[in-house]
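Small disclaimer: the values here were computed from a predicted structure and weren't measured.
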Amino acid sequence: MDSSVLLNIDNNTKRRFITSTELDRISYLPENLIDSILEKLPIQDAVRTNVLSKKWEYKWTTMSSLVFDKYFSEKFAKNGVFGRNGFIRITNQVFNFFKGPILKLHLHIPNMALDSFQEVDQWILSLSRDGVIRELVLTNSNQRYQLPRYFFHCLELRMLELENCTFKPPHDFQGFLYLKDLVLKDIEFGANLHGTIINLPQLNVLKLCACTNVYNFKINSTNLVMLVVRNCPDATLLQLLHCKCLSAVGIVFQKPIQGVERINLASLLSNMPCLWGFVIDGYFLGFSIEEKIPKWLPHPANSLKHLSLQNFKFGDLFQLQGILCILRNSPNLERLDVDNEGLRNVYLDVKPAITYLEASDCLDQTLNRLKTINMMHVERSRALLLFIKLLLDHSPTLENISIRPNATADAFEKYNFAKDVTRFPRASSKAELHYLYSDCMHICCGFSFVMFCMLWNLTNVIHKIGKLVIEKF
């Protein structure tokens, strides 16, 4: 029997013939299904589909998506740069075989002995000539890569992520008119961008992390929904905080900022009427407050529902007054997060802060919507305990308060922390304390204790906030 197979079913009582066509179903899959399968495979596996059947031969060369991720690049970087199976040679071969227009490219440049980026420039040049690239992720573990002039010809970009590059567009560059998501990590902006304002009219999400010379990055964007600025000491992009569509904002300086004009906290919150999620650190809070902080703002932050504090000093009177001002003027706040991981211990005169917290009118507002409080990596102190007591006393709808002490605290200190908190009266009869006493056990001092372990940093906090905000839009 040529190419047919006999199949027995129903205890050999029935027999039928299956043709080779039925057996070779993989060759007769719809084109769109084959494309979908190929784009979900790592590039090396997509190339291997050549052997599946005649119809799959070189099918991968027409994909619209190419992903040379960190796993791929580091695997071939072990074989050298231009060796038989070296990173540059293998990547060049893929690009040379490729026939279709590339709509999506993820490229990781590994750490290796690379004298120049000539080949990378050629790959970028081919993208700019096609003029159809929509999504580009370029991460670099090598020496800093200066983006070539023709990179700025990729005008159809919708999503762009760059890491460890020099960003210096030509003086006649007008902008990426369709770009919606922009993520820049460890980017050095050219010392002289000729004062050109880069137009990004469709931009919804902007994230900057550890970038330098940010003051040279002058952009025009009025549709920004999410803004994240982390560890950018000269980030004059804070002018973008006046965008009326902003709903998710994260500003973390990680160190004191000097030589930049201060921001007025009252006008800051008044200029963001749609603010839904706000992530800040103590340095930004200190940067944005004046010598005298008003109790009441001209316009309350009615939209604010999620507030996250990073590295907040409860014994610093200015920071304390700033956060209480935000709490007092956020009538619809539902969630408060505090994460002090990495907070450096510095000497502070905490007496003014303690005196302020002990005053009967220091908050002077009921937090009617606050349901969840999470405090991570916090150190037991008089100021912190008074702050927690204040929250419990002013939150009648509170459901959960979760506390994870600093890892450096000993068992006795952690026990006393839990004992102190459980003694505080609370306005909500439903409030439960989730206290992580150690990595594997809890203590019980009057509340219902539940295992809780949550490590949030700025990136995933603001990502979650931004995802919810964008879905809402």
Exercise. For a side chain to side chain contact (heavy atoms under 4.5 Å, CB included) with F167, tell me which candidate from N213, I187, N216 qualifies.
Key: I187
Quiz prompt | K207 and D181: CA distance, side-chain angles, deciding distance, salt bridge (charged side-chain N to carboxylate O under 4.0 Å, His left out) verdict | solution = CA-CA 8 Å; K207 300 179 184 179; D181 295 321; over 6 Å; no
Self-check item: Evaluation steps, side-chain contact (heavy atoms from CB on, under 4.5 Å), between N340 and N406
Solution: CA-CA 8 Å; N340 276 354; N406 198 320; over 6 Å; no
Practice problem: Would you confirm whether N332, through its side chain, and N302, through its main-chain N or O, come within 3.5 Å as a donor-acceptor pair? | Solution: yes
Quiz item: Between Y283 and K313, is there a cation-pi geometry (under 6.0 Å to ring centre, at most 45° from the normal)?
Solution: yes
Quiz item: Pick from T212, L208, I251, V252: which one makes a side chain to side chain contact (heavy atoms under 4.5 Å, CB included) with C232?
Solution: L208
Quiz item: Would you say the side-chain atoms of R134 pair up with the backbone N or O of V132, donor to acceptor, closer than 3.5 Å?
Solution: yes
Self-check item: Pair K104-V137, side-chain contact (heavy atoms from CB on, under 4.5 Å): steps then yes or no
Solution: CA-CA 8 Å; K104 170 183 171 182; V137 176; over 6 Å; no
Quiz item: Parallel, tilted or perpendicular for F176 and F152, by the 30°/60° rule?
Solution: parallel
Quiz item: Would you say N199's side chain and G175's backbone share a donor-acceptor pair under 3.5 angstrom?
Solution: no
Exercise. Look at the side chain of T422 and the backbone N and O of K419, then say whether any donor-acceptor pair between them is shorter than 3.5 Å.
Key: yes
Self-check item: Expected output: side-chain R404 to main-chain H377 donor-acceptor under 3.5 Å
Solution: no
Quiz item: Does N223 use its side chain to pair, donor to acceptor, with the backbone of C245 at less than 3.5 Å?
Solution: no
Quiz item: Relative to each other, are the rings of F117 and Y145 parallel, tilted or perpendicular (30° and 60° limits)?
Solution: tilted
Quiz item: Side-chain donor-acceptor pair under 3.5 Å between E135 and H106, yes or no?
Solution: yes
Practice problem: Examine distances only and state if a side-chain atom of N204 and a backbone atom of K180 form a donor-acceptor pair shorter than 3.5 Å. | Solution: no
Exercise. Flag the pair E432 and K430 as a salt bridge only when some basic side-chain nitrogen lies within less than 4.0 angstrom of an acidic carboxylate oxygen.
Key: no
Quiz item: Is a side-chain donor or acceptor of D420 paired with a backbone partner of R423 at a separation under 3.5 angstrom?
Solution: no
Quiz item: Could E188 and K168 be called an ion pair, given the rule that one side-chain N must be under 4.0 Å from one carboxylate O?
Solution: no
Practice problem: Applying side chain to side chain contact (heavy atoms under 4.5 Å, CB included) between L336 and each of L391, I326, L367, report the one that passes. | Solution: L391
